[in-house]
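Here the structure is laid out as structure tokens; the discussion comes afterwards.
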Amino acid sequence: SRTPPSLPTLGHADQQQLLQGSEVQRQQRKGRTGWGYVVTDVQAPPEVVMSCLEAFREYPRMIPVVRHATIHSHERSEGGATVARCTYSVSRFCFGISVEHKVDPAAGTVLFDLDRERPSLALQEC
């Protein structure tokens, strides 16, 4: 499993953007690969936010571009972290994207990575 990039430190301008109700979004590319993050301020308890982010089957209802969700596996470790493998049909073209989610409520993180066990014709890592 790949080590995710460390979480960014938000600067003053980023914090002001969040206070104004906007999200902070960054992407970084390295050749044909890359990573990104989105920070948004949500007025809800952390448990509620994490519960929504972990409701993979509900993504089509919550995220307009996701048309269909198939959950292949969903396992919780003793430490409370969850690993789920899902395939989503996205956009009006119904691209199939297979994703591995890693949810760590204690750290307050949700990581999304391409599922190496289910390669996609539309998206592949190089």
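Residues Glu117 and Asp115 share a closest heavy-atom pair of N-OD1, 2.9 Å. For the residue pair Pro60 and Ala69, the shortest heavy atom distance occurs at CG-N, 3.7 Å. Here the closest non-hydrogen pair linking Cys86 and Ile71 is SG-CD1, 3.5 Å. Of all non-hydrogen atoms in Pro105 and Ala81, the two that sit nearest each other are CD-CA, 4.2 Å.
Counting heavy atoms from C-beta outward, Val66 and Val90 have side chains that approach closer than 4.5 Å. Between Met50 and Val110, some side-chain heavy-atom pair lies under the 4.5 Å cut-off. For the pair Ile97/Phe112, no side-chain contact is recorded, criterion being any heavy-atom separation below 4.5 Å from C-beta on. You'll find the side chain of His101 stays beyond 4.5 Å of the side chain of Thr82, heavy atoms only. Between His74 and Glu54, the closest side-chain pair of non-hydrogen atoms falls below 4.5 Å.
A distance of 15.5 Å separates OH of Tyr37 from OG1 of Thr109, quoted to the nearest 0.5 Å. Taken to the nearest 0.5 Å, the OG1 atom of Thr70 stands 9.5 Å off from the CZ atom of Arg118. Atom CD of Gln20 sits about 12.5 Å away from atom CD of Gln15, to the nearest 0.5 Å. Residue Leu53 holds its CG atom at 7.5 Å from CE of Met62, rounded to the nearest 0.5 Å. Remark: His12 NE2 to Leu19 CG distance equals 9.0 Å, nearest 0.5 Å. Summarising the geometry, atom CD belonging to Glu23 is positioned 9.0 Å from atom CG belonging to Leu18; distances are rounded to the nearest 0.5 Å.
Note on Phe95: it clusters hydrophobically with Tyr59, by side-chain heavy-atom contacts below 4.5 Å among ILVMFWY residues. Grouping the Ile, Leu, Val, Met, Phe, Trp and Tyr side chains by contacts below 4.5 angstrom, directly or via other members, places Ile63 apart from Val38. Cluster annotation: Val39 is not connected to Val48 through the hydrophobic network of ILVMFWY side chains, with a link wherever side-chain heavy atoms come within less than 4.5 Å.
The environment of Arg26 atom CZ is dense: over 12 non-hydrogen atoms of other residues, nucleotides or ligands sit within 6.0 angstrom.
With hydrogens and angles left out, the side-chain atoms of Thr87 and His72 include a donor and acceptor closer than 3.5 Å.
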